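Notes for the one structure printed next.
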Amino acid sequence: MKCRFWLLDLSEGVWEQRPCVRLWGIDEQNQRVVITATQIQPYFYLLPADDLDSAVKRIESDRERFPNVANISMEKRKLLGKEKTVLRVVCTQPHSVSIYAKLLPEVLGGRSFDDLKLSTRYLTDLKLTTCGWNECEVESISIEGITTDQTYLAKSLPTGAGSNAPPRLRILAFAVLLVGQRGSATPQRDPIRALAVATSSGGISVLTPSSDDSELLFSFTRAVDDFDPDIIVGYDTNKSAWHYLMQRAKIKKMKLTLGRDESEPHISLFGHFSIAGRANVDLADLASGIVEIKVKDLKNLATHFGVPIADRLTTRDDWERLGLWSDFSSRQKLLEDITMEAQASLELAQEAINYPLQLSAITGLPLDQVMAAAVGFRVDSYLLRIAHRLGELIPNKNELPFLTYRGALVQEPKAGVHQNVAVLDFASMYPSLMKKYNLSPDTLVGPGEEVSPDSVTLIPEVGHRFRKEPDGFYRIALSSLIEERARTKRELASVADEGTSRVMRERERAVKVITNACYGYAGWAGARWYVREVAESAAALGRQLITETIAKAMALGLEVIYSDTDSVFVSNITQKVRELTDWVKDPEMEIRVEREYQRVLFTEAMKRYAGLNPDGTLDIVGLEVVRGDWSDVARSVQENVLRAVLKHESTKMAIEGVHETVRRLRNHDVPLKSCIIWKTLTKPIEKYRVRTPQAEVARKLAAEGWHVTVGDKVAYVIVKGRGALFQRAKPYHEVSPEDLDVEYYVENQVKPAAMRILEGFGVAEAQLGV
DNA sequence: AAGGGCGCACTTTTGA
DNA sequence: TCAAAAGTGCGC
C-alpha cells in the first residue's frame, strides 16, 4: 500500500541485522507513522592518490584492517565541475563511514568525500522533504517498543511529494522549577521542585513531587506518553532542563523513555537533545536569531511576537527564585511562574512555528536540527543537496587555515541634521553579485592558469578571475533560491486564505535568509565550500558598484550624505532619485528606495544615526538606544533627546528632559533596575586578562555557588566607593538604592548618551549638569 | 565543541 | 599622563 506522510524526524537503527533509517511522520489520516527503510547502505567516496584498481586491491587484501567494507565499486562523479572516477566504498556499519573516510586517505593517499551520516545520506540521495510530504510503498510490520499508530517497512524508495501545508501538529510545552539550597540548583543535590506541562489540546498541569522527584519524572514520562506530542517545546531547555532531567533520572536509576521507540533523549549533532520520532524545539534558539531582543528570555520573546500571555510572565533571577522558595508561603508564586512559562511556550510555538518548518523544508535539516544549527550549517545543508543533485562530490568538513580579506566600504557621514533624505539600497547585493559574475569555487581560475581574457571576469582590486561559463555551483544554488523566492511571492499574491498566506510569507523569509547567508558562508573557514576568493571578490565588486553609484548620484546633482556597504543616503529629489535607480537598469542588480526620512541626524561617526519616518516614528541605528550594554536610564534619555530634536525640533525640550532625569537620579527617584548594565561573558571567567566589571561580578557569583558560563549575560550596577570601576560593579540584587553611585550614572551614562546627540546642536556639557 | 563575513564606535583597563 | 590593548556590541 502507499503511504503519504509528512516527515517530522529521522533516526537510525537496525532491522534484521541490517542498518536502517526510520522515517517518523504523520499521514493524511493524521495518524503517527514510522517507516523502516533499509534500501540505502552507508557509503562514502574515495578519490585515491594513484590508480583506482590498486587502491581496490589494497583495501580488499587488507580485510583485517577494513573488516567493515562491504563492497567497492567505481562511479563517475564531479569535483568542482571536473569529471572524476571515484570509488564508492560501501560499509556494513554506519559508524564505519567516518572512520574509514579518515583512515583510507591516510593509508592510500588521496581524499574522501561524502562523509555523511546514514540519515543525511538517505535524505540527500532520495531527495526527501523534511517538514514536507513524501510518499512510499509500504507494508505493515510490528516492531517491539514502537508506539506509533502505524509501523511500516518501506517496499519502495520513498520520494518527496512537495511541501504543502503541514498537518495538525500536537505540541507539548514544559517548564521545570529548579531551585538550589544555595546558589544554582545542582542535580547531584537538588531535586526538581516542579514541572509544568501545557498541551495544544488545552491541557495544563503542574507536577509537584511529594518526597523526591522520581514520581515527578515518571509522571512527566507518562504525560508525554499519553499526549504523544510531535513537538516538545520549552525555553532554554537544551542548555538547562534536559540536562537536569536526564541527570535526575540517572540518579534515580530511571529511564526517561520519551521517544516514540521508548528510547531516551540523547545529545545530538548541534548540541541539542534529540528525541526519536518527535522534534525537541528550544525557543531560546528562536530568540538567538532576533537581534531586537537584547536580553534573551521568554518574556521578551513572547513580547516580540505579540503573544498576549507575555504580560503574565515574570522574569526572575535565580537568587530571587531562591528567596521565594525559602519562604514557604511564597512558593505558590514559583508554581505559577512555570505554569505561565509552559503555557507561553506553547502559545509561542503555535504562533512562530511556521518559520522553522519552512527553514527545515528548504535546508533539508529535520526540525529539531534546523532550530539548533547555526546559519553556516543551514547553508551547508542546503548546498549539500544541490551538490548531490549535480553529481558533485561533497567535501568533508575540515578546519582550514583562513585568511581575512578586505570587506565593504563605509563612507564618512556628513554630520548634522539633513531634511528630506532618501535611502537607496541594493537588494541582496552580495548574492546578486555572486550570481551575476558566476563567483564560485568551480569557476575560479588558478593563479598560473592560462585562459583567454574574454572568457573570464577579472575582479577589480583583488585580481581574481572567474570563468563566465559554465554556470558555477554557487550560481546554480543561488538561482534556485532566487527562483524559489519569486515563485513563493507569485503564489502569495494569489492566495486568499490567511493561514496559507502566513506559511508562504514565512517560506519567503526563510529562502531570503538562506540566500543572504551564502556570501558569509563562502568566506567561513568551516564551510564545506570555503573559498576565500569568492567572498573577497564579492566584496570587491560590491565596493566598485557602490563607488560608481555614489559617483552617479553626485553627477546627477544629488547630495550624498552617507553610504554603507550597499546603501546610499541622498537628498530626496524624486526625479533625480528615479534617474539614479533607472541608471542601474540591471534586472540582477536592483537598487530601490528603501526608506524616506523627513529628517535624519548623523554624528561624526559611521554606522550611527537616527531618522524620522513620515509616520512620525524614529529609526535609531547604532546609537546607545539600541545597544544592550547601556543602562535603560541612559538609553531612554538618549531616545527622548532624539525625539525632541528630530520630531519637535526643540533642543530646549531635549535639555529639559536630560535635566529631569539627572534630577530624578540624584533624588533616588530612578528605579535600580533602570541602572542595570548587562554584559555578555564572551569567554570563561578564568580567561579574562583584563579585570572587567562583568568578569569581576561573574567571579563573585561563581564563588557564591551560582553557575555562570560563557554566553551568560551578567547584570551589574555601579556603587559608591573608591577604586576602579570594576571594583565598584556589584550584582544588582545585592545593592540597595542608596548605595548606587548616582554620579557615575550622571557622568558616564546619561551625559555621554545625551551629549552624543546634543553636541551637534551647540549644547555644551556644562548646560546639562546641575 | 562550536555553530557565515568584515568595518566601526566606544568604554575601561593596562602598562610604560 | 597617554596611547595601546582588551572587550563588547553594533551595521550591513
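Because the structure is predicted, anything quoted here is derived from the model rather than measured. Residue numbering restarts at 1 for every chain, and letters A, B, ... go by the order of the sequence lines.
The listed nucleotides are B:dG5, C:dG7, C:dC12; the one nearest the side chain of A:Y405 is B:dG5. Listed nucleotides: C:dC10, C:dC12, B:dG4. Nearest to the side chain of A:V626: C:dC10. Across B:dG5, B:dG3, C:dC12, the shortest atom-to-atom separation from the side chain of A:A372 is found for B:dG3. Listed nucleotides: C:dG9, C:dG7, C:dC12. Nearest to the side chain of A:T680: C:dG9. Distances were taken from every side-chain heavy atom of A:Y688 (C-beta onward) to each of C:dG7, C:dG9, B:dC8; the shortest belongs to C:dG7. Side-chain atoms of A:A517 lie closest to B:dG4 of the nucleotides B:dG4, C:dC10, C:dG9.
Looking only at distances, no side-chain donor or acceptor of A:D368 sits under 3.5 Å from a matching main-chain atom of A:N280.
Rounded to whole angstrom, the span from the CH2 atom of A:W529 across to the P atom of B:dG4 amounts to 16 Å. Rounded to a whole Å, the CD atom of A:Q411 is 14 Å from the P atom of B:dA9. The distance between atom CD of A:Q694 and atom P of C:dG7, rounded to the nearest whole Å, is 9 Å. Between A:Y609 atom OH and B:dG7 atom P the separation is 19 Å, expressed in whole Å. The NZ-C1' distance, from A:K679 to C:dC10, rounds to 13 Å in whole Å. Taking atom CD of residue A:E412 and atom P of nucleotide B:dG7, one finds them 15 Å apart after rounding to whole Å. Rounded to whole Å, the distance from NE2 on A:H272 to C1' on B:dA2 is 14 Å. Rounded to an integer number of Å, the gap from A:L365 CG to B:dG3 P is 17 Å.
For the pair A:K414 and A:F602, the NZ or CZ position fails the cation-pi test of under 6.0 Å to the six-membered ring centre and within 45 degrees of the ring normal.
A:V379 comes within 4.0 angstrom of nothing in the nucleic acid, heavy atoms only. When heavy atoms are screened at a 4.0 angstrom cut-off, A:I677 is found touching no nucleic acid atom at all. A:R406 comes within 4.0 angstrom of the backbone, heavy atoms only, and of no base. At a threshold of 4.0 angstrom between heavy atoms, the contacts of A:K713 are confined to the sugar-phosphate backbone, with no base atom among them. Among the atoms of the strands shown, only primed sugar atoms or phosphate atoms (P, OP1, OP2) are found under 4.0 Å from some heavy atom of A:G628. Within the nucleic acid shown, A:G523 comes within 4.0 Å of sugar-phosphate atoms alone, with no base atom in reach, counting heavy atoms only. Nucleic acid contact for A:F270: base, since at least one base atom lies under 4.0 Å from a heavy atom of the residue. No engagement by A:S567 is indicated, since no non-hydrogen atom pair under 4.0 Å with the nucleic acid exists.
For the residue pair A:N516 / A:S428, a side-chain donor-acceptor distance below 3.5 Å is found, with atom types taken as modelled. Under 3.5 Å, the side chains of A:E588 and A:S432 contain no donor-acceptor pair of N or O atoms. A donor-acceptor contact closer than 3.5 angstrom links the side chains of A:T617 and A:N613.
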Protein-nucleotides 10-13 of chain B N/O pairs closer than 3.5 Å?
| unit_1 | atom_1 | unit_2 | atom_2 | d |
| --- | --- | --- | --- | --- |
| B:dC10 | OP1 | A:R608 | NH1 | 3.3 |
| B:dC10 | O3' | A:R756 | NH2 | 3.4 |
| B:dT11 | OP1 | A:R756 | NH2 | 3.4 |
| B:dT12 | OP1 | A:Y744 | OH | 2.7 |
| B:dT12 | OP2 | A:N748 | ND2 | 3.4 |
| B:dT13 | OP1 | A:L725 | N | 3.3 |
| B:dT13 | OP1 | A:F726 | N | 2.9 |

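The only member of A:Y521, A:Y382, A:W524 that meets ring-ring contact (aromatic ring centres under 6.0 Å, His included) when paired with A:F377 is A:W524.
For A:R485, the salt bridge (Lys or Arg N to Asp or Glu O under 4.0 Å) partners two or more places apart in sequence, or in a different chain, are A:E508.
B:dG4 and C:dG11: their C1' atoms are spaced 16 Å apart (whole Å).
Note on A:K294: every side-chain N or O is 4.0 Å or more away from OP1 and OP2 of C:dG9.
Other residues, nucleotides and ligands contribute at most 12 non-hydrogen atoms within 6.0 Å of the CD atom of A:E604. Within 6.0 Å of CZ in A:F402 there are 12 or fewer heavy atoms belonging to other residues, nucleotides or ligands.
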